[in-house]
Amino acid sequence: MFKHLTKIVSAALIAGSFMAGSSQATDLQDILSEGKVRIGVPVDVAPFGSNDANNNPVGLDVDMATNIAEALGVELELQQITGANRIPYLLTGKLDIVISVMGATPQRALQIAFSSPYSGISGGVFGPKDIPVSSADDLTDQTIAVARGTTQDLLLSKLAPDANIQRYDDDATAAAAFTSGQAELFATADIVAKVMMTQDPSLELYPKFIMMFNPTHIGVRHDSPQLLQWLNTYVFVGMLDGSLAALTEKWLGSELPDLPSL
Amino acid sequence: MIREFSLNDLVFMLEALRWTVGLAIIATIGGGALGIIVAVLRVVAFKPANWLAIGYINLVQGTPLLGQLFVFFFGLPLFGIQVDAWVAASLSLSIYASAFFGEIWRGSLQSVSQRQWEAGAALGLNYWQRLTHVVLPQALRISIAPTVGFLVQLVKNTSLAALIGFIELTRASQIITAATFAPLPVYTTAAALYFIICFSLSQFSQRLERRFHVTR
(Lines give C-alpha, C1' and ligand atoms only; values in the text may rest on other atoms or scores of the structure.)
Protein backbone atom coordinates (compact mmCIF):
# COMPACT_ATOMS: atom_id res chain seq x y z
CA MET A 1 0.00 0.00 0.00
CA PHE A 2 2.83 2.32 0.99
CA LYS A 3 4.60 1.90 -2.36
CA HIS A 4 1.39 2.57 -4.23
CA LEU A 5 0.67 5.65 -2.21
CA THR A 6 4.14 6.96 -2.97
CA LYS A 7 3.56 6.39 -6.67
CA ILE A 8 0.18 8.09 -6.66
CA VAL A 9 1.47 11.03 -4.70
CA SER A 10 4.54 11.33 -6.92
CA ALA A 11 2.29 11.38 -9.98
CA ALA A 12 0.15 14.05 -8.36
CA LEU A 13 3.25 16.04 -7.51
CA ILE A 14 4.53 15.94 -11.07
CA ALA A 15 1.14 17.02 -12.38
CA GLY A 16 1.10 19.73 -9.76
CA SER A 17 4.59 20.97 -10.49
CA PHE A 18 3.64 21.46 -14.14
CA MET A 19 0.62 23.50 -13.10
CA ALA A 20 2.59 25.58 -10.67
CA GLY A 21 5.33 26.14 -13.22
CA SER A 22 8.95 26.43 -12.23
CA SER A 23 8.42 29.21 -9.71
CA GLN A 24 10.66 27.53 -7.16
CA ALA A 25 13.49 26.52 -9.47
CA THR A 26 16.84 26.52 -7.75
CA ASP A 27 19.52 26.05 -10.33
CA LEU A 28 23.27 26.40 -9.95
CA GLN A 29 23.20 30.21 -9.88
CA ASP A 30 20.63 30.30 -7.06
CA ILE A 31 22.70 27.91 -4.97
CA LEU A 32 25.83 29.98 -5.50
CA SER A 33 24.15 33.30 -4.78
CA GLU A 34 22.44 31.90 -1.69
CA GLY A 35 25.68 30.31 -0.51
CA LYS A 36 23.85 27.18 0.60
CA VAL A 37 23.09 23.80 -0.95
CA ARG A 38 20.39 21.49 0.45
CA ILE A 39 21.25 17.83 -0.03
CA GLY A 40 19.19 14.81 1.03
CA VAL A 41 21.04 11.70 2.22
CA PRO A 42 19.85 8.41 3.74
CA VAL A 43 20.56 7.58 7.39
CA ASP A 44 19.12 4.08 7.26
CA VAL A 45 21.18 2.50 4.48
CA ALA A 46 24.61 1.53 5.82
CA PRO A 47 27.28 1.93 4.45
CA PHE A 48 25.88 4.71 2.24
CA GLY A 49 24.38 6.61 5.11
CA SER A 50 23.86 5.72 8.77
CA ASN A 51 24.29 7.28 12.20
CA ASP A 52 27.61 6.70 13.95
CA ALA A 53 27.98 6.08 17.69
CA ASN A 54 27.48 9.81 18.36
CA ASN A 55 24.47 9.88 16.06
CA ASN A 56 26.12 11.93 13.36
CA PRO A 57 25.37 10.82 9.79
CA VAL A 58 28.28 9.05 8.11
CA GLY A 59 28.68 7.03 4.95
CA LEU A 60 29.53 7.14 1.28
CA ASP A 61 26.56 9.33 0.33
CA VAL A 62 27.21 11.65 3.28
CA ASP A 63 30.85 12.04 2.19
CA MET A 64 29.66 12.75 -1.36
CA ALA A 65 27.36 15.49 -0.07
CA THR A 66 30.14 17.05 2.01
CA ASN A 67 32.58 16.97 -0.89
CA ILE A 68 30.06 18.43 -3.33
CA ALA A 69 29.23 21.33 -1.02
CA GLU A 70 32.94 21.96 -0.59
CA ALA A 71 33.55 21.90 -4.33
CA LEU A 72 30.66 24.31 -4.85
CA GLY A 73 32.16 26.51 -2.14
CA VAL A 74 28.86 26.82 -0.30
CA GLU A 75 27.42 25.80 3.04
CA LEU A 76 25.91 22.31 3.28
CA GLU A 77 22.41 21.80 4.63
CA LEU A 78 22.02 18.06 5.16
CA GLN A 79 18.52 16.57 5.34
CA GLN A 80 17.85 12.95 6.29
CA ILE A 81 15.39 11.33 3.90
CA THR A 82 13.75 7.92 3.46
CA GLY A 83 13.25 5.81 0.36
CA ALA A 84 9.59 6.86 0.33
CA ASN A 85 9.96 10.63 0.59
CA ARG A 86 13.20 11.38 -1.28
CA ILE A 87 11.55 12.13 -4.64
CA PRO A 88 8.71 14.25 -3.16
CA TYR A 89 11.31 16.25 -1.20
CA LEU A 90 13.19 16.97 -4.42
CA LEU A 91 10.15 17.69 -6.59
CA THR A 92 8.63 20.17 -4.15
CA GLY A 93 11.85 22.17 -3.99
CA LYS A 94 12.65 21.31 -0.39
CA LEU A 95 15.98 19.93 -1.57
CA ASP A 96 18.37 20.80 -4.41
CA ILE A 97 20.12 17.44 -4.67
CA VAL A 98 19.40 13.88 -3.52
CA ILE A 99 22.28 11.44 -3.00
CA SER A 100 20.62 8.28 -1.76
CA VAL A 101 21.86 5.02 -3.28
CA MET A 102 19.61 5.73 -6.25
CA GLY A 103 19.68 3.45 -9.24
CA ALA A 104 18.52 5.03 -12.50
CA THR A 105 15.48 3.59 -14.25
CA PRO A 106 13.59 5.06 -17.23
CA GLN A 107 10.49 5.31 -15.00
CA ARG A 108 12.30 7.27 -12.30
CA ALA A 109 13.93 9.45 -14.95
CA LEU A 110 10.46 10.67 -15.95
CA GLN A 111 10.30 12.37 -12.56
CA ILE A 112 13.87 13.44 -11.83
CA ALA A 113 17.18 13.75 -13.67
CA PHE A 114 20.15 11.49 -12.90
CA SER A 115 23.83 12.37 -12.97
CA SER A 116 26.56 10.02 -14.17
CA PRO A 117 27.13 7.20 -11.65
CA TYR A 118 29.45 7.95 -8.72
CA SER A 119 29.56 4.46 -7.14
CA GLY A 120 27.48 1.33 -7.01
CA ILE A 121 26.48 -1.72 -5.08
CA SER A 122 26.76 -5.30 -6.02
CA GLY A 123 23.86 -7.25 -4.71
CA GLY A 124 23.60 -10.99 -4.28
CA VAL A 125 21.92 -13.84 -2.47
CA PHE A 126 23.75 -15.15 0.59
CA GLY A 127 23.29 -18.14 2.88
CA PRO A 128 24.67 -21.36 4.39
CA LYS A 129 26.93 -23.66 2.36
CA ASP A 130 24.57 -26.64 2.51
CA ILE A 131 21.79 -24.96 0.52
CA PRO A 132 22.37 -26.09 -3.08
CA VAL A 133 21.77 -22.80 -4.88
CA SER A 134 24.29 -21.27 -7.27
CA SER A 135 22.03 -19.29 -9.59
CA ALA A 136 18.55 -17.78 -9.62
CA ASP A 137 17.30 -20.84 -11.52
CA ASP A 138 18.23 -23.13 -8.60
CA LEU A 139 15.80 -21.37 -6.29
CA THR A 140 12.89 -23.62 -5.40
CA ASP A 141 11.04 -23.30 -2.13
CA GLN A 142 13.75 -21.58 -0.06
CA THR A 143 12.63 -18.40 1.68
CA ILE A 144 14.73 -15.34 0.86
CA ALA A 145 14.69 -12.24 3.06
CA VAL A 146 15.19 -8.89 1.30
CA ALA A 147 14.61 -5.19 2.03
CA ARG A 148 11.49 -4.03 0.20
CA GLY A 149 11.89 -1.90 -2.91
CA THR A 150 15.69 -2.02 -2.95
CA THR A 151 17.71 -2.77 -6.08
CA GLN A 152 18.20 -6.33 -4.78
CA ASP A 153 14.45 -6.76 -4.39
CA LEU A 154 13.72 -5.49 -7.90
CA LEU A 155 16.44 -7.66 -9.46
CA LEU A 156 15.57 -10.79 -7.55
CA SER A 157 11.88 -10.40 -8.37
CA LYS A 158 12.81 -10.18 -12.04
CA LEU A 159 15.35 -13.04 -12.00
CA ALA A 160 13.24 -15.41 -9.92
CA PRO A 161 9.58 -14.37 -10.12
CA ASP A 162 8.39 -17.62 -8.52
CA ALA A 163 10.88 -17.60 -5.64
CA ASN A 164 9.65 -17.40 -2.08
CA ILE A 165 10.70 -13.80 -1.37
CA GLN A 166 9.96 -12.29 2.04
CA ARG A 167 10.12 -8.49 1.99
CA TYR A 168 11.05 -6.47 5.08
CA ASP A 169 11.18 -2.74 5.76
CA ASP A 170 14.95 -2.42 5.71
CA ASP A 171 18.17 -4.39 5.43
CA ALA A 172 18.55 -4.70 9.19
CA THR A 173 15.12 -6.27 9.64
CA ALA A 174 15.68 -8.61 6.70
CA ALA A 175 19.02 -9.57 8.28
CA ALA A 176 17.23 -10.28 11.56
CA ALA A 177 14.79 -12.54 9.70
CA PHE A 178 17.77 -14.49 8.38
CA THR A 179 19.68 -14.71 11.68
CA SER A 180 16.54 -15.79 13.57
CA GLY A 181 15.89 -18.55 11.04
CA GLN A 182 12.69 -17.03 9.60
CA ALA A 183 14.37 -17.03 6.19
CA GLU A 184 16.94 -19.44 4.78
CA LEU A 185 18.66 -17.00 2.43
CA PHE A 186 19.36 -13.27 2.55
CA ALA A 187 19.52 -11.02 -0.51
CA THR A 188 21.59 -7.92 0.17
CA ALA A 189 24.65 -5.90 -0.82
CA ASP A 190 27.83 -7.96 -0.63
CA ILE A 191 29.41 -5.50 1.80
CA VAL A 192 26.57 -6.10 4.29
CA ALA A 193 26.99 -9.89 4.16
CA LYS A 194 30.76 -9.54 4.49
CA VAL A 195 30.59 -7.27 7.55
CA MET A 196 27.92 -9.42 9.24
CA MET A 197 30.12 -12.49 8.87
CA THR A 198 33.20 -10.79 10.31
CA GLN A 199 31.17 -9.54 13.29
CA ASP A 200 29.59 -12.91 13.97
CA PRO A 201 31.73 -15.77 12.59
CA SER A 202 28.99 -18.29 13.41
CA LEU A 203 26.78 -16.77 10.69
CA GLU A 204 26.83 -18.58 7.37
CA LEU A 205 26.44 -15.84 4.79
CA TYR A 206 28.34 -17.24 1.83
CA PRO A 207 27.60 -15.86 -1.63
CA LYS A 208 25.15 -18.13 -3.46
CA PHE A 209 25.08 -15.95 -6.54
CA ILE A 210 25.81 -12.31 -7.35
CA MET A 211 23.06 -10.59 -9.30
CA MET A 212 24.85 -7.62 -10.82
CA PHE A 213 26.70 -4.43 -10.09
CA ASN A 214 24.27 -1.54 -9.80
CA PRO A 215 25.54 1.99 -10.36
CA THR A 216 24.22 4.72 -8.05
CA HIS A 217 23.37 8.20 -9.30
CA ILE A 218 22.84 11.68 -7.93
CA GLY A 219 19.30 13.02 -8.45
CA VAL A 220 18.23 16.59 -9.28
CA ARG A 221 15.05 18.18 -10.62
CA HIS A 222 14.60 18.43 -14.37
CA ASP A 223 14.42 22.19 -14.04
CA SER A 224 18.03 22.55 -12.87
CA PRO A 225 20.05 21.63 -15.99
CA GLN A 226 23.05 23.77 -15.00
CA LEU A 227 23.33 21.97 -11.67
CA LEU A 228 23.07 18.61 -13.44
CA GLN A 229 25.82 19.60 -15.86
CA TRP A 230 28.00 20.74 -12.96
CA LEU A 231 27.43 17.44 -11.09
CA ASN A 232 28.32 15.46 -14.21
CA THR A 233 31.54 17.44 -14.49
CA TYR A 234 32.22 16.80 -10.81
CA VAL A 235 31.69 13.04 -11.23
CA PHE A 236 33.74 12.97 -14.46
CA VAL A 237 36.72 14.61 -12.76
CA GLY A 238 36.32 12.41 -9.67
CA MET A 239 36.46 9.33 -11.89
CA LEU A 240 39.63 10.56 -13.60
CA ASP A 241 41.55 11.56 -10.48
CA GLY A 242 40.54 8.45 -8.54
CA SER A 243 38.81 10.27 -5.67
CA LEU A 244 35.51 8.48 -6.32
CA ALA A 245 37.28 5.12 -6.47
CA ALA A 246 38.90 5.95 -3.12
CA LEU A 247 35.49 6.73 -1.63
CA THR A 248 34.07 3.39 -2.81
CA GLU A 249 37.15 1.60 -1.48
CA LYS A 250 36.79 3.37 1.88
CA TRP A 251 33.10 2.54 2.47
CA LEU A 252 32.39 -0.57 0.40
CA GLY A 253 35.80 -2.20 0.63
CA SER A 254 35.77 -3.01 -3.05
CA GLU A 255 37.10 -1.63 -6.30
CA LEU A 256 34.99 0.72 -8.36
CA PRO A 257 34.51 -0.84 -11.79
CA ASP A 258 34.63 1.28 -14.94
CA LEU A 259 31.26 2.94 -15.14
CA PRO A 260 29.81 4.43 -18.32
CA SER A 261 28.82 8.10 -18.22
CA LEU A 262 25.25 9.26 -18.50
CA MET B 1 29.98 -0.04 9.69
CA ILE B 2 27.82 -2.19 11.98
CA ARG B 3 28.10 -1.03 15.57
CA GLU B 4 26.71 -1.97 18.97
CA PHE B 5 23.45 -0.67 20.44
CA SER B 6 24.82 1.72 23.05
CA LEU B 7 23.82 4.18 25.73
CA ASN B 8 24.16 6.99 23.17
CA ASP B 9 21.43 5.34 21.13
CA LEU B 10 19.14 5.29 24.14
CA VAL B 11 19.77 9.01 24.59
CA PHE B 12 18.97 9.50 20.88
CA MET B 13 15.69 7.63 21.37
CA LEU B 14 14.79 9.67 24.45
CA GLU B 15 15.49 12.84 22.49
CA ALA B 16 13.26 11.56 19.70
CA LEU B 17 10.57 10.92 22.28
CA ARG B 18 10.28 14.72 22.64
CA TRP B 19 8.79 14.92 19.14
CA THR B 20 6.44 12.01 19.80
CA VAL B 21 5.14 13.66 22.97
CA GLY B 22 5.26 17.18 21.54
CA LEU B 23 3.28 16.26 18.44
CA ALA B 24 0.72 14.37 20.53
CA ILE B 25 0.24 17.39 22.82
CA ILE B 26 -0.17 19.79 19.89
CA ALA B 27 -2.67 17.45 18.25
CA THR B 28 -4.59 17.13 21.51
CA ILE B 29 -4.85 20.89 22.01
CA GLY B 30 -5.50 21.77 18.36
CA GLY B 31 -7.72 18.76 17.78
CA GLY B 32 -9.56 19.37 21.04
CA ALA B 33 -10.40 22.98 20.15
CA LEU B 34 -11.50 22.04 16.63
CA GLY B 35 -13.27 18.95 17.96
CA ILE B 36 -15.52 21.05 20.22
CA ILE B 37 -16.60 23.06 17.17
CA VAL B 38 -17.20 19.85 15.19
CA ALA B 39 -19.25 18.32 18.02
CA VAL B 40 -21.34 21.47 18.41
CA LEU B 41 -21.97 21.75 14.64
CA ARG B 42 -22.93 18.10 14.68
CA VAL B 43 -25.66 18.46 17.36
CA VAL B 44 -27.13 21.98 16.90
CA ALA B 45 -30.67 22.09 15.56
CA PHE B 46 -29.61 23.47 12.18
CA LYS B 47 -29.44 20.91 9.37
CA PRO B 48 -26.80 22.52 7.10
CA ALA B 49 -24.40 22.73 10.07
CA ASN B 50 -24.99 19.03 10.77
CA TRP B 51 -24.29 18.17 7.12
CA LEU B 52 -21.13 20.24 7.11
CA ALA B 53 -19.87 18.47 10.23
CA ILE B 54 -20.82 15.03 8.91
CA GLY B 55 -19.03 15.74 5.62
CA TYR B 56 -15.93 16.95 7.46
CA ILE B 57 -15.87 13.91 9.74
CA ASN B 58 -16.31 11.49 6.85
CA LEU B 59 -13.64 13.19 4.77
CA VAL B 60 -11.08 13.17 7.59
CA GLN B 61 -11.88 9.73 8.96
CA GLY B 62 -12.10 8.25 5.47
CA THR B 63 -8.63 9.29 4.30
CA PRO B 64 -5.36 7.97 5.70
CA LEU B 65 -3.44 10.28 8.04
CA LEU B 66 -0.36 9.53 5.96
CA GLY B 67 -2.09 11.01 2.91
CA GLN B 68 -3.15 14.10 4.89
CA LEU B 69 0.44 14.68 6.02
CA PHE B 70 1.62 14.32 2.44
CA VAL B 71 -0.94 16.81 1.15
CA PHE B 72 -0.01 19.47 3.71
CA PHE B 73 3.75 19.05 3.45
CA PHE B 74 4.26 18.29 -0.22
CA GLY B 75 0.96 19.46 -1.73
CA LEU B 76 0.72 23.06 -0.51
CA PRO B 77 4.20 24.07 -1.82
CA LEU B 78 2.93 23.31 -5.34
CA PHE B 79 0.59 26.25 -4.95
CA GLY B 80 3.38 28.48 -3.75
CA ILE B 81 2.58 28.05 -0.03
CA GLN B 82 5.75 26.99 1.76
CA VAL B 83 4.98 25.07 4.94
CA ASP B 84 7.61 23.73 7.28
CA ALA B 85 7.36 20.28 8.81
CA TRP B 86 6.07 21.61 12.14
CA VAL B 87 3.17 23.48 10.57
CA ALA B 88 2.26 20.55 8.31
CA ALA B 89 2.38 18.00 11.14
CA SER B 90 0.50 20.22 13.61
CA LEU B 91 -2.23 21.02 11.08
CA SER B 92 -2.80 17.51 9.82
CA LEU B 93 -2.62 15.83 13.24
CA SER B 94 -5.00 18.44 14.71
CA ILE B 95 -7.48 18.03 11.87
CA TYR B 96 -7.23 14.26 12.15
CA ALA B 97 -7.80 14.36 15.92
CA SER B 98 -10.66 16.89 15.65
CA ALA B 99 -12.79 14.54 13.54
CA PHE B 100 -12.45 11.76 16.10
CA PHE B 101 -12.84 14.02 19.15
CA GLY B 102 -15.90 15.59 17.50
CA GLU B 103 -17.58 12.23 17.08
CA ILE B 104 -16.61 11.00 20.55
CA TRP B 105 -18.00 14.11 22.20
CA ARG B 106 -21.14 14.15 20.09
CA GLY B 107 -21.77 10.56 21.16
CA SER B 108 -21.18 11.48 24.80
CA LEU B 109 -23.57 14.44 24.57
CA GLN B 110 -26.28 12.40 22.88
CA SER B 111 -25.91 9.48 25.27
CA VAL B 112 -27.23 11.68 28.05
CA SER B 113 -30.91 10.76 28.10
CA GLN B 114 -33.43 13.17 26.59
CA ARG B 115 -35.31 12.94 29.88
CA GLN B 116 -32.46 14.76 31.61
CA TRP B 117 -33.17 17.75 29.35
CA GLU B 118 -36.87 17.46 30.09
CA ALA B 119 -36.26 17.10 33.82
CA GLY B 120 -34.11 20.22 33.72
CA ALA B 121 -36.87 22.08 31.90
CA ALA B 122 -39.37 20.91 34.51
CA LEU B 123 -37.19 22.51 37.19
CA GLY B 124 -37.38 25.80 35.31
CA LEU B 125 -33.80 25.84 34.03
CA ASN B 126 -33.16 27.58 30.73
CA TYR B 127 -31.29 25.91 27.81
CA TRP B 128 -27.86 27.16 28.85
CA GLN B 129 -28.39 26.13 32.48
CA ARG B 130 -29.61 22.70 31.46
CA LEU B 131 -26.57 22.25 29.21
CA THR B 132 -23.93 23.38 31.70
CA HIS B 133 -25.41 22.05 34.94
CA VAL B 134 -27.24 18.90 33.87
CA VAL B 135 -26.04 17.50 30.55
CA LEU B 136 -22.38 18.51 30.20
CA PRO B 137 -21.22 17.13 33.56
CA GLN B 138 -22.74 13.76 32.70
CA ALA B 139 -21.42 13.81 29.13
CA LEU B 140 -17.96 14.72 30.38
CA ARG B 141 -17.82 11.62 32.58
CA ILE B 142 -18.92 9.37 29.76
CA SER B 143 -16.37 10.89 27.37
CA ILE B 144 -13.27 10.31 29.52
CA ALA B 145 -12.61 6.69 28.57
CA PRO B 146 -13.06 7.01 24.78
CA THR B 147 -11.16 10.33 24.69
CA VAL B 148 -8.14 8.84 26.43
CA GLY B 149 -8.48 5.72 24.32
CA PHE B 150 -8.14 7.88 21.23
CA LEU B 151 -5.21 9.79 22.78
CA VAL B 152 -3.35 6.50 23.07
CA GLN B 153 -3.93 5.95 19.34
CA LEU B 154 -2.79 9.49 18.63
CA VAL B 155 0.50 8.98 20.48
CA LYS B 156 1.24 5.96 18.30
CA ASN B 157 0.08 7.67 15.10
CA THR B 158 2.63 10.47 15.52
CA SER B 159 5.12 7.97 14.07
CA LEU B 160 3.71 8.82 10.63
CA ALA B 161 5.31 12.27 10.92
CA ALA B 162 8.59 10.50 10.14
CA LEU B 163 7.57 10.72 6.49
CA ILE B 164 7.89 14.49 6.49
CA GLY B 165 11.26 14.53 8.20
CA PHE B 166 10.53 14.25 11.93
CA ILE B 167 12.92 11.95 13.75
CA GLU B 168 10.44 10.78 16.38
CA LEU B 169 10.62 7.54 18.32
CA THR B 170 9.81 5.07 15.52
CA ARG B 171 12.05 6.78 12.96
CA ALA B 172 14.88 7.00 15.52
CA SER B 173 14.53 3.27 16.13
CA GLN B 174 14.64 2.62 12.40
CA ILE B 175 17.81 4.70 12.04
CA ILE B 176 19.52 2.97 14.97
CA THR B 177 18.47 -0.44 13.67
CA ALA B 178 20.03 0.35 10.30
CA ALA B 179 23.32 1.14 12.00
CA THR B 180 23.37 -1.68 14.57
CA PHE B 181 21.54 -4.47 12.71
CA ALA B 182 19.92 -5.27 16.05
CA PRO B 183 16.18 -4.69 15.58
CA LEU B 184 15.15 -6.76 18.58
CA PRO B 185 16.72 -4.69 21.41
CA VAL B 186 16.02 -1.41 19.58
CA TYR B 187 12.34 -2.00 18.90
CA THR B 188 11.82 -3.57 22.32
CA THR B 189 13.15 -0.37 23.86
CA ALA B 190 10.87 1.70 21.62
CA ALA B 191 7.90 -0.46 22.56
CA ALA B 192 8.73 -0.02 26.25
CA LEU B 193 8.88 3.77 25.83
CA TYR B 194 5.52 3.84 24.00
CA PHE B 195 4.09 1.61 26.71
CA ILE B 196 5.23 3.95 29.46
CA ILE B 197 3.44 6.89 27.81
CA CYS B 198 0.28 5.01 26.88
CA PHE B 199 0.02 3.13 30.18
CA SER B 200 0.39 6.39 32.11
CA LEU B 201 -2.40 7.87 30.00
CA SER B 202 -4.68 4.91 30.72
CA GLN B 203 -3.92 5.12 34.43
CA PHE B 204 -4.63 8.84 34.37
CA SER B 205 -7.94 8.12 32.66
CA GLN B 206 -8.92 5.57 35.31
CA ARG B 207 -8.09 7.99 38.08
CA LEU B 208 -10.20 10.68 36.40
CA GLU B 209 -13.07 8.24 36.00
CA ARG B 210 -12.92 7.33 39.68
CA ARG B 211 -12.85 10.99 40.63
CA PHE B 212 -15.89 11.75 38.50
CA HIS B 213 -17.73 8.56 39.56
CA VAL B 214 -18.55 7.51 36.04
CA THR B 215 -20.28 4.33 37.09
CA ARG B 216 -22.47 6.01 39.66
Side-chain angles (χ1 to χ4, degrees), chain A residues 1-2 5-6 8-10 12-13 15-21 23-24 40 42-55 57-59 79-82 84-85 88-89 91-94 168-177 179-180 191-192 195-196 198-200 251-253, chain B residues 1-16 63-85 87-88 159-168 170-188:
Chain A
M1 186 218 101
F2 203 71
L5 186 74
T6 317
I8 294 166
V9 173
S10 304
L13 287 177
S17 57
F18 282 130
M19 284 191 301
S23 56
Q24 60 214 359
V43 285
D44 49 9
V45 192
F48 287 88
S50 65
N51 275 9
D52 68 4
N54 296 317
N55 288 307
V58 290
Q79 167 71 39
Q80 56 91 18
I81 40 124
T82 68
N85 68 18
Y89 256 102
L91 287 178
T92 52
K94 292 181 191 293
Y168 295 91
D169 269 351
D170 46 39
D171 242 12
T173 318
T179 50
S180 64
I191 176 76
V192 172
V195 173
M196 281 178 71
T198 41
Q199 295 223 322
D200 181 358
W251 290 103
L252 307 185
Chain B
M1 84 185 218
I2 301 179
R3 57 182 178 81
E4 298 276 308
F5 181 45
S6 69
L7 198 65
N8 262 345
D9 293 315
L10 190 65
V11 173
F12 186 60
M13 288 174 86
L14 288 173
E15 280 173 7
T63 48
L65 177 56
L66 191 66
Q68 294 165 18
L69 277 167
F70 237 101
V71 166
F72 278 108
F73 191 60
F74 294 117
L76 291 183
L78 295 178
F79 303 98
I81 308 165
Q82 283 299 334
V83 277
D84 69 3
V87 176
S159 66
L160 291 172
L163 193 78
I164 61 171
F166 277 95
I167 302 185
E168 43 61 63
T170 302
R171 175 70 177 144
S173 313
Q174 213 183 352
I175 292 172
I176 296 169
T177 301
T180 57
F181 273 67
L184 208 57
V186 177
Y187 286 119
T188 310

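In what follows, chains carry the letters A, B, and so on, assigned in the order in which the sequence lines appear, proteins first and then strands, with residues in each chain numbered from 1.
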Visitor: Side-chain contact, heavy-atom cut-off 4.5 Å: B:Phe74 with A:Asn85?
Guide: yes
Visitor: Does atom CD (B:Glu15) have a neighbourhood of more than 12 heavy atoms from anything else shown, all under 6.0 Å?
Guide: yes
Visitor: Which atoms form the tightest heavy-atom contact between B:Val83 and A:Lys94, and what is the distance?
Guide: O-NZ, 3.3 Å
Visitor: Does A:Ala53 offer a backbone N or O that forms a donor-acceptor pair with the side chain of B:Asn8 under 3.5 Å?
Guide: yes
Visitor: Measure across B:Ala178 and A:Ala46 and return the closest heavy-atom pair with its distance rounded to 0.1 Å.
Guide: O-CB, 3.8 Å
Visitor: Do B:Arg171 and A:Val43 touch side chain to side chain, with heavy atoms closer than 4.5 Å?
Guide: yes
Visitor: Side chain from CB out, backbone as N, CA, C, O: work out which of these in B:Ala162 comes under 4.5 Å of a heavy atom of chain A, or both, or neither.
Guide: backbone
Visitor: List the atom of B:Pro183, the atom of A:Ala172, and the distance in Å for their closest heavy-atom pair.
Guide: CG-O, 3.9 Å
Visitor: Which distance, rounded to the nearest 0.5 Å, do you find between the CG of B:Leu163 and the OH of A:Tyr89?
Guide: 8.0 Å
Visitor: Against chain A, work out which of B:Gly165, B:Ala182, B:Ser6 has the most heavy-atom pairs shorter than 4.5 Å and name it.
Guide: B:Gly165
Visitor: Do A:Val192 and B:Phe181 have side chains that get closer than 4.5 Å, going by heavy atoms?
Guide: yes
Visitor: May I ask you to name which of A:Val58, A:Ile81, A:Asp52 has the most heavy-atom pairs under 4.5 Å with chain B?
Guide: A:Asp52
Visitor: Please enumerate all residues that pass salt bridge (charged side-chain N to carboxylate O under 4.0 Å, His left out) together with A:Asp170, with sequence neighbours excluded.
Guide: none
Visitor: Does any pair with a residue in residues 70-79 of chain B pass side chain to side chain donor-acceptor pair (under 3.5 Å), and if so which ones, sequence neighbours excluded?
Guide: none
Visitor: Do other residues, nucleotides or ligands put more than 12 heavy atoms under 6.0 Å from the CG atom of B:Leu184?
Guide: no
Visitor: Find the one option among B:Thr177, B:Ile176, B:Ile175, B:Ile164 whose heavy-atom pairs under 4.5 Å with chain A are most numerous.
Guide: B:Ile175
Visitor: Return yes when atom CG of B:Leu7 has more than 12 non-hydrogen atoms of other residues, nucleotides or ligands closer than 6.0 Å, and no otherwise.
Guide: no
Visitor: Please identify, among A:Asp169, A:Asn55, A:Asn51, A:Thr173, the residue contributing the most non-hydrogen atom pairs under 4.5 Å to chain B.
Guide: A:Asn55
